Amino acid sequence: MFKPAKLLKVVSVIFIITAILGIFGTAVLYIMIPKMREIPGVDMSTIETVLTPLNLVMSVLSCICAVTAGIFGFGGRSKKGAVICAGIYTALLVLSEVQMALNGTFTAFSAVDFILPVLYWWGLYQSE
């Protein structure tokens, strides 16, 4: 057991909320793919290039890791569990950014995605 810092608790709640919204958004997006084919003028090749099974797995796995890291960080029961889940989440985020760079879709605004994990790691560092 460890005593979570206030920053860690706040970021953990944000992790949980954004991860649940991410899972919901991913599910809706994949459900809507057949409906998008019926819309005239929609270029499905771009959508199908981006929405690969690898991206689906990475999205679901990162959302699950974010929820569990949020739960571990908020509750303060297992610092090792929080480190493992946050590490997997951060690794998936880095992998996603590398994938975006290889596809040519990387922008400087993508660095905003690293704000929450950095705050989480800082809050975890501050925790006793």
Side-chain angles (χ1 to χ4, degrees):
M1 297 222 20
F2 68 100
K3 185 174 186 253
K6 191 172 188 174
L7 174 65
L8 182 61
K9 284 188 172 191
V10 170
V11 175
S12 294
V13 169
I14 294 171
F15 258 21
I16 293 169
I17 292 169
T18 57
I20 290 172
L21 290 174
I23 290 173
F24 178 72
T26 301
V28 168
L29 188 62
Y30 276 91
I31 290 170
M32 292 300 297
I33 288 176
K35 301 277 184 197
M36 287 185 209
R37 289 192 174 121
E38 298 171 3
I39 300 172
V42 174
D43 184 16
M44 288 304 293
S45 64
T46 305
I47 294 172
E48 290 172 351
T49 302
V50 174
L51 300 177
T52 63
L54 174 66
N55 288 345
L56 173 65
V57 169
M58 284 177 50
S59 175
V60 170
L61 188 60
S62 78
C63 288
I64 290 170
C65 287
V67 167
T68 53
I71 291 170
F72 282 135
F74 188 80
R77 294 198 183 261
S78 172
K79 193 167 189 173
K80 182 179 179 181
V83 168
I84 290 171
C85 291
I88 294 171
Y89 177 77
T90 305
L92 287 171
L93 183 61
V94 169
L95 183 63
S96 175
E97 297 295 324
V98 168
Q99 197 176 30
M100 286 173 53
L102 292 176
N103 289 338
T105 58
F106 181 80
T107 63
F109 191 68
S110 299
V112 173
D113 293 340
F114 288 100
I115 292 173
L116 276 180
V118 166
L119 289 175
Y120 185 88
W121 284 109
W122 184 251
L124 199 59
Y125 172 74
Q126 290 178 337
S127 299
E128 297 174 7

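Please read these numbers as outputs of a predicted model, since none were measured by experiment. Both backbone and side-chain heavy atoms feed into the values below; hydrogens, waters and symmetry mates do not. Count residues from 1 along the sequence.
The side-chain hydrogen bond (donor to acceptor under 3.5 Å, both in side chains) contacts involving residues 20-36 comprise T26-S59, where partners must be two or more places apart or lie in separate chains. Counting only residues at least two apart or in different chains, ring-ring contact (aromatic ring centres under 6.0 Å, His included) contacts with residues 58-106 comprise F15-Y89. Pairs of residues two or more places apart, or lying in two chains, never qualify as side-chain hydrogen bond (donor to acceptor under 3.5 Å, both in side chains) while including a residue from residues 73-86. Sorted pairs that involve residues 7-22 and meet side-chain hydrogen bond (donor to acceptor under 3.5 Å, both in side chains), not counting sequence neighbours, are lacking altogether.
When all heavy atoms are compared, the tightest approach of A86 to A69 is N-CB, 4.0 Å. Nearest heavy atoms, L8 versus P4: CD2-CB, 3.8 Å. The two residues A5 and S127 make their nearest non-hydrogen contact at N-OG, 3.0 Å. The minimum heavy-atom distance between V67 and A19, with the atom names listed, is CG2-CB, 3.4 Å.
A distance of 7.5 Å separates CD1 in I88 from OG1 in T68, rounded to the nearest 0.5 Å. Taking CG from L93 and SG from C65, the interatomic distance works out to 12.0 Å, rounded to the nearest 0.5 Å. Rounding to the nearest 0.5 angstrom, the gap separating the CD1 atom in I16 from the SG atom in C63 is 12.5 Å.
Take L21 and apply the side chain to side chain contact (heavy atoms under 4.5 Å, CB included) test, not counting sequence neighbours, and it matches I17. Residues passing the side chain to side chain contact (heavy atoms under 4.5 Å, CB included) test with F109 are T107, V112, sequence neighbours excluded. Partners of L54 under the side chain to side chain contact (heavy atoms under 4.5 Å, CB included) rule, at least two apart in sequence or in another chain, are T52, M58, Q99. With sequence neighbours left out, the side chain to side chain contact (heavy atoms under 4.5 Å, CB included) criterion links V60 to L56, I64. Considering only residues two or more places apart in sequence or on other chains, T90 meets the side-chain hydrogen bond (donor to acceptor under 3.5 Å, both in side chains) condition with W121.
Hydrophobic clustering of Ile, Leu, Val, Met, Phe, Trp and Tyr side chains at less than 4.5 Å, counting indirect connections, keeps M100 apart from V98. The cluster map of Ile, Leu, Val, Met, Phe, Trp and Tyr, joined by side-chain heavy atoms under 4.5 Å apart, puts M32 and F24 in the same cluster. Taking hydrophobic clusters as Ile, Leu, Val, Met, Phe, Trp and Tyr residues chained together by side-chain heavy-atom distances below 4.5 Å, V13 does not share a cluster with I71. The hydrophobic cluster containing I14 also contains I115, counting ILVMFWY residues as joined when their side-chain heavy atoms lie under 4.5 angstrom apart, directly or transitively. Grouping the Ile, Leu, Val, Met, Phe, Trp and Tyr side chains by contacts below 4.5 angstrom, directly or via other members, places Y125 with L7.
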Please assess L124 against F2 for the test side chain to side chain contact (heavy atoms under 4.5 Å, CB included), listing each intermediate value before the final yes or no. CA-CA 10 Å; L124 199 59; F2 68 100; 4.2 Å; yes
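The hydrophobic side chain of V118 is isolated, with no ILVMFWY side chain under 4.5 Å apart from it. Cluster partners of M1 are absent, since no Ile, Leu, Val, Met, Phe, Trp or Tyr has side-chain heavy atoms less than 4.5 Å from it.
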